[in-house]
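Reading through the structure tokens given below for one structure.
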Amino acid sequence: MHKLTIIIENKPYEVEVTPSRATPGDYAVNIDGQLLTVYVPDYDNPELADWMIVDDRPYELLFSQDMRSAQIYSGRYDIQVRDKEAGSVRPASGDGRVKAPIPGMVTRIHVEPGQLVELGQPLLVLEAMKMENEIRSPLAGAVRQLAVKPGQTVTLGELMIEIE
Amino acid sequence: MHKLTIIIENKPYEVEVTPSRATPGDYAVNIDGQLLTVYVPDYDNPELADWMIVDDRPYELLFSQDMRSAQIYSGRYDIQVRDKEAGSVRPASGDGRVKAPIPGMVTRIHVEPGQLVELGQPLLVLEAMKMENEIRSPLAGAVRQLAVKPGQTVTLGELMIEIE
Amino acid sequence: MFKKILIANRGEIATRIIRTCREMGILTVALYTSADRDSLHVRLADEVKLLQSPNRYGDADEVLAIAKATGAEAIHPGYGFLAEEAGFAERCAAEGIVFIGPPPSVIRAVRSKMEAMEAVKRAGYRVPLYADLPDVGADEAALQQVAKEVGFPLVVKSARGGRGRGARVVLRADRLLEAVRAARHEAELIYGDDHLYLERVIAPSHYLVVQVLADAHGNVVHLGEREGSLLRHNQKLIEESPSPSLNDTQRSALWTAAIDIARLFNFQNTGAVEFLVDSAGNFHFTEVKARIQIEHGVSEMIASIDIVREQIRIAAGEKLARTQEEIRLDGWAMQCRINAEDPWNDYLPSPGRLTRFRLPQGPDVRVDTYGYVGCAIPERFDPLLANLLVKGDDRAMCVSRLRRALMEFRIVGVQTNLALHKQIVQDPAFIAGNYDTRFMEHFQFDVSANTSREACRDLVAMTAVAYLLRRRVDAPVIPERIKSGWHRSARRLPS
Amino acid sequence: MFKKILIANRGEIATRIIRTCREMGILTVALYTSADRDSLHVRLADEVKLLQSPNRYGDADEVLAIAKATGAEAIHPGYGFLAEEAGFAERCAAEGIVFIGPPPSVIRAVRSKMEAMEAVKRAGYRVPLYADLPDVGADEAALQQVAKEVGFPLVVKSARGGRGRGARVVLRADRLLEAVRAARHEAELIYGDDHLYLERVIAPSHYLVVQVLADAHGNVVHLGEREGSLLRHNQKLIEESPSPSLNDTQRSALWTAAIDIARLFNFQNTGAVEFLVDSAGNFHFTEVKARIQIEHGVSEMIASIDIVREQIRIAAGEKLARTQEEIRLDGWAMQCRINAEDPWNDYLPSPGRLTRFRLPQGPDVRVDTYGYVGCAIPERFDPLLANLLVKGDDRAMCVSRLRRALMEFRIVGVQTNLALHKQIVQDPAFIAGNYDTRFMEHFQFDVSANTSREACRDLVAMTAVAYLLRRRVDAPVIPERIKSGWHRSARRLPS
């Protein structure tokens with residue numbers, strides 16, 4: 001039995017998970033007192049596991065690599081897993097370092113070092129896949145550092161701007 | 001540069017292969033004096049490599065796991081690779097041990113120990129996928145051993161009959 | 001209309017039925033066994049139930065219990081399993097659940113092949129010469145006597161029939177006993193009923209089926225005929241519509257006969273009225289298949305009608321969507337049955353996990369399958385993996401589209417009969433539409449087809465590179481390929 | 001007929017063209033860049049050439065050199081790149097290579113949007129109010145003067161146009177300068193030509209195109225109209241045929257106008273005559289697209305005509321396969337443009353490798369794509385990954401089929417706009433066929449759509465199991481998800 005706290009879009013759930021000894025891929029899950037059975041058909045290949053059956057209801061779903069979001073039907077949810085046994089809490093997301101979400105070329109920069117920006121304010125334009133993509137501020141704060149120049153090519157995850 | 005002898009349907013070819021240093025996935029291949037360029041688009045994931053481009057001609061193809069046969073278009077070919085460097089010659093195929101090609105149930109056995117059989121003579125019937133599959137002799141010879149009984153379930157690769 | 005339907009089947013047909021249900025806004029309950037848990041029908045259903053019974057999809061008790069527990073108002077049996085089971089249809093009715101298929105009385109009437117032929121014969125249509133076979137216990141003399149009356153060559157058939165299984169052609173008297181024994185065994189295995197009969201072989205012949213739809217209000221329509229003469233071991237490899245072997249007079253006579261015969265049995269829902277056409281052009285009624293068929297998509301393509309949708313509408317008491325006059329048969333369609341079996345090894349079944357599964361696409365190409373990349377193909381069930389369907393303006397365009405689609409279809413992880421199909425569609429007689437039920441007897445599968453000298457030299461180069469690539473990745477020791485003793489014919493490459 | 005055709009394009013359209021060529025028995029030469037080496041068009045062609053030029057598929061010199069070296073008799077440009085380039089078409093002619101498209105003179109005549117509007121206006125048809133824009137260097141006062149004559153709201157457009165890029169709506173004078181600058185930049189970037197003009201906005205309106213085919217023998221036919229009003233950033237998300245916004249009188253007037261206009265320009269090959277229909281029901285000609293369009297499959301489905309095949313036949317000097325009377329428009333078809341972009345992150349492009357790519361199947365569903373499982377989606381090109389096409393007997397059936405197909409389409413490895421499409425097809429106005437070009441302005445993408453309380457609780461359970469599964473396999477340390485600062489709106493789950 002494994003105790004977890006699962007937070008979905010800011011609502012916490014206390015969850016106990018017990019793998020079945022008899023049937024591989026079967027799990028008994030207790031959520032705030034309610035009992036569910038989860039079956040993972042691809043249990044022998046968990047890397048592929050992109051669908052599960054909960055009490056006879058099949059779902060195709062997708063977790064992000066870091067398990068911070070889940071896609072199901074046509075929605076996407078922020079999730080957080082707190083593992084009491086491992087004693088670890090995954091760090092809160094969203095510091096002020098704005099990294100390149102895709103490789104591309106910085107064509108325009110709308111801000112300067114030291115400038116105050118609002119949440120959602122356009123910071124720069126990144127050109128990729130024949131589109132101009134506006135990158136906006138993740139926080140309200142001041143521009144601490146500009147790590148790129150117009151015309152510069154950036155790789156995936158490369159730091160572009162830091163807000164503090 | 002790597003020297004190989006490739007035998008396809010009993011015809012041998014002397015082959016020299018040189019990987020390109022400049023372009024990953026590119027190979028210069030010399031077959032009996034004729035020069036070809038082979039490009040492996042999936043070079044970064046050779047497990048997936050199921051297609052190649054030879055001098056601008058793309059091919060989808062498939063090698064068996066043991067590299068003893070290749071499928072291309074609607075044909076399949078016996079192949080053999082002799083690696084002079086490794087000094088190893090893969091053993092000749094086809095001893096007389098008849099193993100289960102699929103899991104299933106043996107429903108009938110047509111031969112008895114000691115019986116002489118011809119090449120291609122039906123040995124037994126293996127029931128699988130709702131079909132009765134006739135298993136025939138790979139050699140002309142005598143039945144040395146019957147390792148299964150009618151009604152018996154066999155797993156993939158299990159020895160069923162030995163011919164000598 | 002129903003709110004929820006239970007699908008008492010698996011694989012491609014279960015997947016096919018779910019699609020129409022979803023389009024009609026009907027919830028689906030799918031069944032599965034642990035071997036089938038990868039099948040697309042389990043992923044796509046609204047609700048799924050793991051079967052406990054060793055009879056699996058054919059267990060009437062468990063299927064009914066699940067229907068009741070889940071509140072399904074109707075059951076679609078697909079083909080095989082509980083389709084054409086009058087007893088099951090009766091139990092459904094008793095439980096207040098709609099069986100999507102003909103009424104039990106109709107199933108019974110057509111299920112007995114001999115009685116059905118007798119009735120159709122009385123109505124004035126030709127049927128093959130046939131005779132009931134003495135019981136299992138009967139002596140060989142009695143058997144030979146019956147056979148003599150029918151005449152050789154003859155075919156030993158299961159009285160329950162269906163899907164061409166359990167049928168065996170016998171050319172000479174001295175082969176009869178063995179064939180009857182084998183047919184009984186197979187009939188018992190597949191249908192749970194070893195009742196057989198003998199039928200005089202009509203050969204050469206054409207195997208034609210007329211797809212019919214009939215509602216509960218007395219309306220009966222046909223969706224044209226399909227030519228199913230391209231058979232291997234009594235299984236249709238390629239089916240097409242319209243038939244290239246009929247002239248227009250024959251065609252319309254066949255359609256009229258099919259509607260007549262459907263009316264004769266008070267037929268309802270969908271079915272196929274089957275005929276053999278002899279070399280003189282006479283057609284002989286053989287049976288009515290009282291269920292959806294694997295090849296129904298061929299008729300769907302030329303008639304632009306969703307047959308599963310019509311089945312559900314008919315079962316719900318609705319009238320047919322179109323009259324015969326409103327149905328326009330247009331273009332030419334073909335289907336290839338793609339099996340997970342190895343054409344290089346006597347068509348042994350080939351279970352496994354799909355590592356590549358790239359469907360052909362483009363205009364008027366359709367694939368019905370339960371597979372996808374990563375899906376395990378179980379060893380326990382029928383090797384049918386996919387139905388490949390194409391349509392063209394005329395037969396030439398249809399054949400060239402089929403050839404293109406076959407080239408494009410990529411399946412790795414199991415062996416399939418794709419290579420066989422690729423060769424058939426390049427056969428001159430097939431291309432000319434000039435084939436009958438003996439086609440596959442003469443067809444030679446060429447192990448090294450289509451490989452020019454250039455392609456062969458390129459193969460040498462690719463083999464060398466593949467060998468180096470595999471060495472480079474230091475793959476774990478590759479297990480020896482299983483060496484069974486099955487037959488293998490090899491041809492030398494051009495040199 | 002040609003023996004070999006070079007396809008000067010990439011991705012789904014190159015794949016689409018190869019299919020038709022193969023069905024016609026024509027060999028294909030495909031081009032690729034190293035970023036595109038995974039694309040299906042490279043696997044399916046008979047011959048492939050790696051492009052060396054930094055201009056890639058748009059490099060006329062290299063494309064012509066390859067055509068000559070490979071002995072290709074004709075070049076199909078697809079859309080974009082070398083399509084609608086009169087200069088390139090002329091060079092092909094000079095080299096004795098057939099350009100599959102209209103003659104250079106026709107391309108020139110329709111390529112200049114303003115001259116085309118002028119010509120059509122003279123022929124008696126309505127066109128929008130427009131004005132040429134002063135040169136780049138012109139001062140703002142002159143710019144404002146032109147704008148005032150056109151009137152606000154207006155749209156700043158590229159004179160070269162095409163694919164809706166480089167167009168910007170301006171509501172007020174004080175936004176004009178900024179919009180013109182941005183439009184110039186984008187037009188230069190995309191078309192290599194920053195010539196702009198202003199056009200009075202017609203809003204609300206419907207964006208309609210009529211697909212035409214014209215041979216070199218003076219025959220011109222149409223394949224009905226498509227409604228393309230469902231736009232996001234000037235890109236068509238969903239297109240359908242017929243249009244739900246026209247009555248029969250309007251429809252036949254539109255068809256007649258399209259044929260007239262095509263004849264006016266001596267049009268040849270295939271193209272789209274485009275109109276805006278205002279709220280009074282008047283239609284205004286806007287432009288002729290002198291090439292195959294991304295949405296051509298919608299017309300193929302309702303007309304049962306392979307447009308690529310007709311393009312090739314016309315280019316080879318053959319007559320149209322059918323007269324207008326022989327063309328029957330039947331049923332209702334729709335197309336969704338599936339882009340590799342992230343609807344939760346301001347539609348940022350999402351390159352990556354496809355780890356799951358399961359196409360929807362079943363009757364009358366078609367997907368045109370260059371992708372397959374294992375294929376890398378490059379970052380360098382258009383995010384268009386797949387065209388999903390469906391057809392039904394009527395609009396209701398078509399919409400329900402589209403909804404079903406979208407549910408079934410499974411793409412993992414890149415983010416796509418599938419979720420956006422799934423939500424649009426459940427919008428009541430869309431379902432009623434009651435939408436215009438403003439639809440997407442008002443449409444709210446719901447990040448947590450369709451999730452019931454039960455599904456939410458099930459998601460909690462699955463998250464817990466997924467977490468344990470991942471721990472169990474001891475995966476290598478998972479890199480932190482890239483945290484960029486793009487906008488993210490989140491909605492709370494039902495609780």
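Nothing here was measured: the structure is a model prediction, and the numbers come from that model. Order of the sequence lines sets the chain letters (A, B, ...), proteins ahead of strands, with each chain counted from 1.
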Exercise. Non-hydrogen atoms of chain A under 4.5 Å away: do they reach the side chain of D:H421, the backbone, both or neither?
Worked result: neither
Exercise. Does NZ or CZ of D:R358 fall inside the cone over D:F409's six-membered ring, less than 6.0 Å from its centre and within 45° of the axis?
Worked result: no
Exercise. Side chain, backbone, both or neither: which part of A:L61 has a heavy atom under 4.5 Å from chain D?
Worked result: both
For this session: Find the one option among A:L159, A:N30, A:D55, A:I31 whose heavy-atom pairs under 4.5 Å with chain D are most numerous.
Result: A:I31
For this session: Below 4.5 Å from any heavy atom of chain D, which atoms of A:Q34 appear? Answer side chain, backbone, both or neither.
Result: side chain
Problem set entry | D:E408 portion near chain A, given a 4.5 angstrom heavy-atom threshold | neither
Exercise. Going from OH on A:Y13 to CZ on D:R457, what distance comes out if it is rounded to the nearest 0.5 angstrom?
Worked result: 10.0 Å
For this session: Answer yes or no for D:R410 and D:F357: cation-pi contact, defined as NZ/CZ to six-membered ring centre under 6.0 Å and angle to ring axis within 45°.
Result: no
Problem set entry | Partner chain A: residue of D:M407, D:Q415, D:H185 with the largest heavy-atom pair count (under 4.5 Å) | D:Q415
Problem set entry | A:D26 side chain to A:Y43 side chain, donor-acceptor N/O pair below 3.5 angstrom | no
Exercise. Would you say the side chains of A:Y59 and D:D458 form a donor-acceptor pair under 3.5 Å?
Worked result: yes
